[in-house]
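In what follows, chains carry the letters A, B, and so on, assigned in the order in which the sequence lines appear, proteins first and then strands, with residues in each chain numbered from 1. Just so it is clear, the values below take in all heavy atoms, side chains as well, and ignore hydrogens, waters and symmetry mates.
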2 protein chains.
Amino acid sequence: MTAVGRRERKKLATRAALREAALRLALRHGVEHVTVEQIAAETDIAVRTFFNYFSSKEEAMVAAVAAEADALIGEFRDRPREEPVLHALREAVARVIAGSDADALRLIVRAPSLLPQRLAVYATREKALAEAIADRLGLSPDDLYPAVCAATALTAMRVVLERWLDRPADHAALREQTEEVIGLLAAGLERRLP
Amino acid sequence: MTAVGRRERKKLATRAALREAALRLALRHGVEHVTVEQIAAETDIAVRTFFNYFSSKEEAMVAAVAAEADALIGEFRDRPREEPVLHALREAVARVIAGSDADALRLIVRAPSLLPQRLAVYATREKALAEAIADRLGLSPDDLYPAVCAATALTAMRVVLERWLDRPADHAALREQTEEVIGLLAAGLERRLP
DNA sequence: TGGAAAATTGCACGTCATGCATGAATGCGT
DNA sequence: ACGCATTCATGCATGACGTGCAATTTTCCA
């Protein structure tokens with residue numbers, strides 16, 4: 001697939017090192033107090049080079065989220081095509097979450113200054129997920145359903161994740177809440193006064 | 001309601017003036033090339049004072065979107081309680097959109113540098129909308145349904161708006177697409193290969 | 001091995017955003 | 001109308017951010 005020489009590998013490694021350094025420093029000093037200079041120093045590269053990899057400090061910090069979003073899409077594409085869309089999404093989410101670092105996620109999700117960039121990450125992944133959904137159903141990526149399904153599903157997952165991070169709970173609870181939300185989306189959201 | 005003296009009125013006026021100046025300059029020179037200094041000069045206030053009203057240039061530019069989101073929630077609350085949630089949302093959206101400035105919206109929505117802040121605006125309104133939905137249904141704001149419904153509905157509206165702005169179309173088309181998306185949410189998003 | 005392509009780095013520069021101190025404007029009670 | 005307390009506007013200083021540019025180093029490959 002992506003044939004990589006040493007050059008590519010080193011770039012990937014540097015990018016990962018910067019991402020991890022940013023997160024490590026944020027855990028140690030708090031997200032607000034980390035500077036690009038610190039991140040660069042921790043990774044032993046020039047400040048200028050940092051900006052060759054990330055266009056902002058925030059982008060480096062939410063890179064972990066971006067990686068998980070990409071993983072989610074990959075898992076979704078790997079699900080058997082006979083599965084209904086939301087069912088496949090639920091399983092993909094479960095697999096990604098199982099291998100996630102809750103502490104790092106909590107740090108990122110709870111930092112107000114990272115909210116805009118984090119949301120931007122989700123939004124930029126919407127298109128890729130919409131294409132995956134369109135592929136699965138044999139629809140055009142320009143159709144309304146793939147776009148709406150991708151965007152709303154990602155949003156619903158975000159809400160679940162935020163709620164879960166806000167309460168002390170285990171991974172089983174997260175899985176349960178994921179299923180509940182998928183159930184809501186599948187059943188339709190219309191409601192009225194009893 | 002909000003009893004306002006001269007002080008409050010002047011603050012509101014200054015805030016509106018800054019917001020409009022930011023948008024006007026963005027229309028004239030492009031979003032990327034507007035500086036805080038220009039906005040302040042155009043409004044004839046000190047640069048330092050600008051930051052008393054908005055914490056960033058981007059926040060001033062998406063203030064119009066924030067105002068529309070607030071209007072949406074207000075319209076939603078004004079809908080009769082017997083209406084089902086999504087029906088009320090659809091009508092609220094239609095009313096807000098009818099009075100919106102498509103050119104300004106297009107400018108904001110199409111500017112990549114404003115994407116994070118714009119999404120943050122929607123996200124911060126989710127809580128208020130969730131409370132409104134909970135009120136309507138007699139649920140607790142901590143329940144899952146209001147949170148998910150608010151977040152996904154706002155997201156779906158965002159997708160519709162973005163798609164509509166990307167194609168040349170009139171307000172009738174927007175209304176139509178809004179109804180289509182609400183229909184999707186109401187009917188449930190699950191789908192499988194035929 | 002030699003040169004093309006790409007990555008790293010330092011430097012300069014403009015912008016952003018905030019804390020702090022000071023003076024001006026406003027609202028309120030008397 | 002007066003004086004006082006609160007709030008607001010402003011200038012200044014400061015540190016961090018992000019980018020263009022050019023020089024240098026590293027990597028790749030013919």
Side-chain angles (χ1 to χ4, degrees), chain A residues 2-23 25-26 28-63 111-118 120-121, chain B residues 2-23 25-26 28-63 111-118 120-121:
Chain A
T2 48
V4 282
R6 172 163 44 189
R7 205 172 228 165
E8 298 296 325
R9 263 183 290 121
K10 290 192 91 170
K11 278 191 72 169
L12 266 292
T14 302
R15 193 179 168 86
L18 285 171
R19 170 165 63 78
E20 288 161 18
L23 232 53
L25 288 169
R28 198 182 312 158
H29 303 127
V31 170
E32 311 294 330
H33 301 98
V34 179
T35 68
V36 174
E37 196 175 343
Q38 287 174 345
I39 300 173
E42 178 95 357
T43 320
D44 194 33
I45 65 170
V47 172
R48 185 62 184 84
T49 307
F50 171 90
F51 288 107
N52 290 347
Y53 285 88
F54 299 99
S55 63
S56 73
K57 178 181 49 176
E58 288 77 18
E59 191 180 317
M61 290 195 173
V62 299
S113 66
L114 298 183
L115 177 66
Q117 297 286 336
R118 179 166 62 91
V121 164
Chain B
T2 47
V4 281
R6 170 164 42 188
R7 205 170 228 167
E8 299 294 327
R9 264 184 290 118
K10 291 189 91 171
K11 278 191 70 170
L12 266 291
T14 301
R15 193 179 168 86
L18 286 171
R19 172 165 63 77
E20 288 160 17
L23 233 53
L25 288 170
R28 197 183 311 159
H29 303 127
V31 170
E32 311 293 332
H33 301 99
V34 179
T35 68
V36 175
E37 195 174 344
Q38 287 174 345
I39 300 172
E42 178 94 358
T43 320
D44 194 33
I45 66 170
V47 173
R48 185 62 183 86
T49 307
F50 171 89
F51 288 105
N52 290 347
Y53 285 88
F54 298 100
S55 63
S56 73
K57 178 180 50 175
E58 288 75 18
E59 190 179 318
M61 292 195 172
V62 299
S113 66
L114 298 183
L115 177 66
Q117 296 287 335
R118 178 166 62 92
V121 164

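Nucleic acid contact for A:F50: none, since no nucleic acid atom lies under 4.0 Å from a heavy atom of the residue. Residue B:T35 is in sugar-phosphate contact alone, with no base atom involved, counting any heavy-atom pair closer than 4.0 Å across all strands shown. Among the heavy atoms of the strands, none lies under 4.0 Å from A:F54.
The NE2 atom of A:H33 sits 14 Å away from the C1' atom of D:dG15 (whole-angstrom rounding). Between the NZ atom of B:K57 and the P atom of C:dG14 there is a distance of 16 Å, given to the nearest Å. Taking atom CZ of residue A:R48 and atom C1' of nucleotide C:dT9, one finds them 9 Å apart after rounding to whole Å. To the nearest angstrom, P of C:dA4 lies 14 Å from CZ of A:R7. Here the C1' atom of nucleotide D:dC17 and the CD atom of A:E32 are 15 Å apart, to the nearest Å. The separation between B:I45 atom CD1 and C:dA24 atom C1' is 16 Å, rounded to whole Å. Rounded to whole Å, atom P of C:dC16 lies 15 Å from atom CD of A:E58. Nucleotide D:dT27 holds its C1' atom 16 Å from the CG atom of A:N52, rounded to whole Å.
A salt bridge is defined here as a Lys NZ or Arg NE, NH1 or NH2 lying under 4.0 Å from an Asp or Glu carboxylate O, and A:R28 with A:E42 meets this definition.
Contact annotation: B:K11 reaches the phosphate of D:dC8 (side-chain N/O to OP1 or OP2, under 4.0 Å). In terms of phosphate contacts, B:Y53 brings no side-chain nitrogen or oxygen within less than 4.0 Å of OP1 or OP2 of D:dC8.
Side-chain atoms of A:E20 do not come within 3.5 Å of backbone N or O of A:A17 as any donor-acceptor pair. The main-chain N or O of A:I39 is found under 3.5 Å from a side-chain atom of A:T43 such that the two form a donor-acceptor pair. The backbone N or O of B:Y53 sits less than 3.5 Å from a side-chain atom of B:R15, completing a donor-acceptor pair.
A donor atom on one side chain and an acceptor atom on the other are found under 3.5 Å apart for B:E32 and B:S113.
When each of B:E37 and B:K10 is assigned the nucleotide of DNA chain C with its nearest heavy atom, B:E37 is the one assigned upstream, toward the 5' end.
Closest approach to the B:F51 side chain among D:dG18, D:dA9, C:dA17 is made by C:dA17 (side chain taken as heavy atoms from C-beta onward).
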